[in-house]
Q: 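So that we are looking at the same thing, I have put the structure below in structure tokens.
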Amino acid sequence: MKIQSVRGMNDVLPVDAAAWQHVYAVAAQVFAAYGYGELRLPVVERTELFKRAVGEVTDVVEKEMYSFEDRGGENLSLRPELTAGVVRAGIEHGLLFNQQQRVWCTGPVFRYERPQAGRYRQFHQLDVEAFGIPTPDVDVEIIAIAAQLWRRLGMSGFTLELNSLGTPASRAVHRAALVEYLSLHEAALDDDSKRRLGTNPLRVLDSKVPATQAIVANAPQLLDHLDAVSLAHFAAVRQGLDDLGIPYVINPRLVRGLDYYTHTVFEWTTTQLGAQSAVCAGGRYDGLVQQLGGPQTTGIGFGLGIERLIALMALQNVPVADNRPHIYFCRFGAAAERDAMKLAEQLRIDMPQLRLVLNAGGGGLKSQLKRADASGARYALILGDEETAARCVQVKSLRGEGEPNQCPWSELAAQLSARLAL
RNA sequence: GUGGGCGUAGCUCAGUUGGUUAGAGCUCCGGAUUGUGAUUCCGGAGGUCGUGGGUUCGAGUCCCAUCGUCCACCCCA
């Protein structure tokens, strides 16, 4: 049997890693710009944590978790999302007691699903969470962080979909009305919707089946059941987004898949990724911390799918920080090869930003220059017996920037600094 | 879990109604005045045709199974 990666768990190869590094670099910068601190968490948690946080009857918990018993008999799971672990850590270290916390987190998450475009069994999320701030201004802040990220990455074409689930109480009232209405029409519903009626009736509102859509058109609307507090909160969020000039569309059928959401929910969607439209999604979860055994404190945050983001960046030809070498150093002849190694090392000391590849493994000048070209380097340095006798190096542009010149060793760092603006 | 498409060289693919030693482009390596790339020309390396059975004188091609992969549903980032 040929050994290969586990289904749905992909390798990121060096050619693609530049985009990942770029995303992480820009994201860290953005989060810092809003005063969010990084939290680094284990990939494995007790299964119970996710059952309680995400919800016992959700698909994620029922059929998508990688769960196992360790050698001590503990039931553990690979995390299917980041928020539960963030809350657990916050409670465990006393970060959520009567205080505000702004944190972010990243890493792999795991869901046992059939892979398809933009969907993997191991994928990566960026998570941003704010705790202990019940007011709608932080809802706006969280959404603005994503908008700022798109801006700094140079991305466009997102739709911000927005909805409010209200308080648990108003949500329960609506749910009861909805179930009552749908039950009257149950015979006409498609099979999936009949099933959802018992599990997650809000989902029926989102059905793609035409016959079901016709029934849903007259169903009780969630927004009609919001209480005064919920309506005021929602209005303030919309006002804040308007003030910042962040466009959005109200989607009354937007329901997040996980149980813990209250009030604001949102998704940044795109039409450019096939069947997977959500790139970034989140909302407020004011009951979650207490539900997990912590103090009564509020929370709001989002999860962003890095694979989807990077796929979209590729589609939009978003420029990525260049990590190709500046210099490829060709060398041949016994004495010259030793001198070149010393020069290369000194250049890296003199120019900390320099990316220099020193030819290794021998080869003629022709083949070394081919490697130089293929490496993407802007300049080749050439050191052979002639140069080493004259204590100089040939500096040759590989990108049509003038004729080669012979540069004395003593002036090499200065010349390269000037040429590369390093 | 359900449905459909596809598995031939490192990559992208061709391969006729079944018929000799399975091809192309790209990549890689070497050469075209000794030490000058990316263009051009010449040459070379690289494949148990996913795997296992079956039909046949003969299977990359037909049949069955299996694995993998892609896309969609469910659900989600």
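Lettering of chains follows the sequences in order, A, B, ..., and the numbering in each one begins at 1. Just so it is clear, the model here is predicted, and its values are computed rather than measured.
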Q: At under 4.0 Å, does any side-chain N or O of Arg196(A) touch on OP1 or OP2 of rC75(B)?
A: yes
Q: Of all residues at least two apart in sequence or in a different chain, which pass the ring pair (Phe, Tyr, Trp, His ring centres under 6.0 Å) check with Tyr120(A)?
A: none
Q: Using the test ring pair (Phe, Tyr, Trp, His ring centres under 6.0 Å), find all partners of Tyr112(A) that sit at least two apart in sequence or belong to another chain.
A: Tyr66(A)
Q: Name the nucleic acid region contacted by Ala372(A), choosing base, sugar-phosphate or nothing; use a 4.0 angstrom heavy-atom cut-off, strictly under.
A: nothing
Q: Rounded off to whole Å, could you give me the CG-to-P distance for the Leu369(A) and rG30(B) pair?
A: 13 Å
Q: Any N or O donor-acceptor pair under 3.5 Å from the base of rU2(B) to the side chain of Arg114(A)?
A: yes
Q: For Gly364(A), which contact category applies under a 4.0 Å heavy-atom criterion: base, sugar-phosphate, or nothing?
A: nothing
Q: Report yes if at least one side-chain N or O of Arg111(A) is closer than 4.0 Å to OP1 or OP2 of rC75(B); otherwise report no.
A: no
Q: Extract the stems that RNA chain B is part of, considering only consecutive pairing runs of at least three Watson-Crick or G-U wobble pairs, both distances under 3.5 Å.
A: B:1-7 with B:67-73, B:10-13 with B:23-26, B:28-32 with B:40-44, B:50-54 with B:62-66
Q: With respect to the phosphate group of rA72(B), does any side-chain polar atom (N or O) of Gln116(A) fall under 4.0 Å of OP1 or OP2?
A: yes
Q: Ignoring hydrogens and angles, are the base of rG35(B) and the side chain of Arg331(A) linked by a donor-acceptor pair under 3.5 Å?
A: no
Q: In whole angstrom, give the distance that lies between atom CD of Glu403(A) and atom P of rU36(B).
A: 15 Å
Q: Sorted by first residue and then second, give each side-chain hydrogen bond (donor to acceptor under 3.5 Å, both in side chains) pair with at least one member in residues 380-398 of chain A; sequence neighbours left out.
A: Asp339(A)-Thr388(A)
Q: Which whole number of Å gives the distance between the P atom of rU55(B) and that of rG60(B)?
A: 16 Å
Q: Return a single string for nucleotides 38-47 of chain B, one symbol per nucleotide in 5' to 3' order, where B is base contact, S is sugar-phosphate-only contact and - is none, cutoff 4.0 angstrom on heavy atoms.
A: S---------
Q: Can you name the ring pair (Phe, Tyr, Trp, His ring centres under 6.0 Å) partners of Trp409(A), sequence neighbours left out?
A: none
Q: Please identify each residue that fulfils ring pair (Phe, Tyr, Trp, His ring centres under 6.0 Å) with Tyr181(A), with sequence neighbours left out.
A: His185(A)
Q: Who pairs with Arg52(A) by side-chain hydrogen bond (donor to acceptor under 3.5 Å, both in side chains), at least two apart in sequence or on another chain?
A: none
Q: Quick test of your reading: applying side-chain hydrogen bond (donor to acceptor under 3.5 Å, both in side chains), list the pairs with at least one residue in residues 7-32 of chain A, sequence neighbours left out, ordered by first then second residue.
A: Gln29(A)-Arg152(A)
Q: Under 3.5 Å, which donor-acceptor pairs link side chains of residues 299-327 of chain A to any protein atom two or more places apart or in another chain?
A:
| residue | atom | partner | partner atom | Å |
| --- | --- | --- | --- | --- |
| Glu307(A) | OE1 | His124(A) | N | 2.9 |
| Glu307(A) | OE2 | His124(A) | N | 3.4 |
| Glu307(A) | OE2 | His124(A) | ND1 | 2.7 |
| Arg308(A) | NE | Gly118(A) | O | 2.7 |
| Arg308(A) | NH1 | Ala278(A) | O | 2.9 |
| Arg308(A) | NH2 | Gly118(A) | O | 3.1 |
| Gln316(A) | OE1 | Ser156(A) | N | 3.1 |
| Gln316(A) | NE2 | Ser156(A) | O | 2.6 |
| Asp322(A) | OD1 | Arg324(A) | N | 2.9 |
| Asp322(A) | OD1 | Arg324(A) | NE | 3.1 |
| Asp322(A) | OD2 | Arg324(A) | NH2 | 3.3 |
| His326(A) | ND1 | Arg355(A) | N | 2.9 |

Q: Under a 4.0 Å heavy-atom cut-off, which of residues 374-391 of chain A touch RNA chain B?
A: Ile382(A), Gly384(A), Asp385(A), Glu386(A), Glu387(A)
Q: So does Gln368(A) reach the base of rU36(B) with its side chain, donor to acceptor, closer than 3.5 Å?
A: no
Q: The criterion is salt bridge (charged side-chain N to carboxylate O under 4.0 Å, His left out); which residues satisfy it with Arg399(A), sequence neighbours excluded?
A: Asp373(A)
Q: Give me the one residue out of Glu141(A), Glu38(A), Glu129(A) that meets salt bridge (Lys or Arg N to Asp or Glu O under 4.0 Å) with Arg102(A).
A: Glu141(A)
Q: Base, sugar-phosphate, or nothing: which does Glu113(A) touch, judged by heavy atoms less than 4.0 Å apart?
A: base
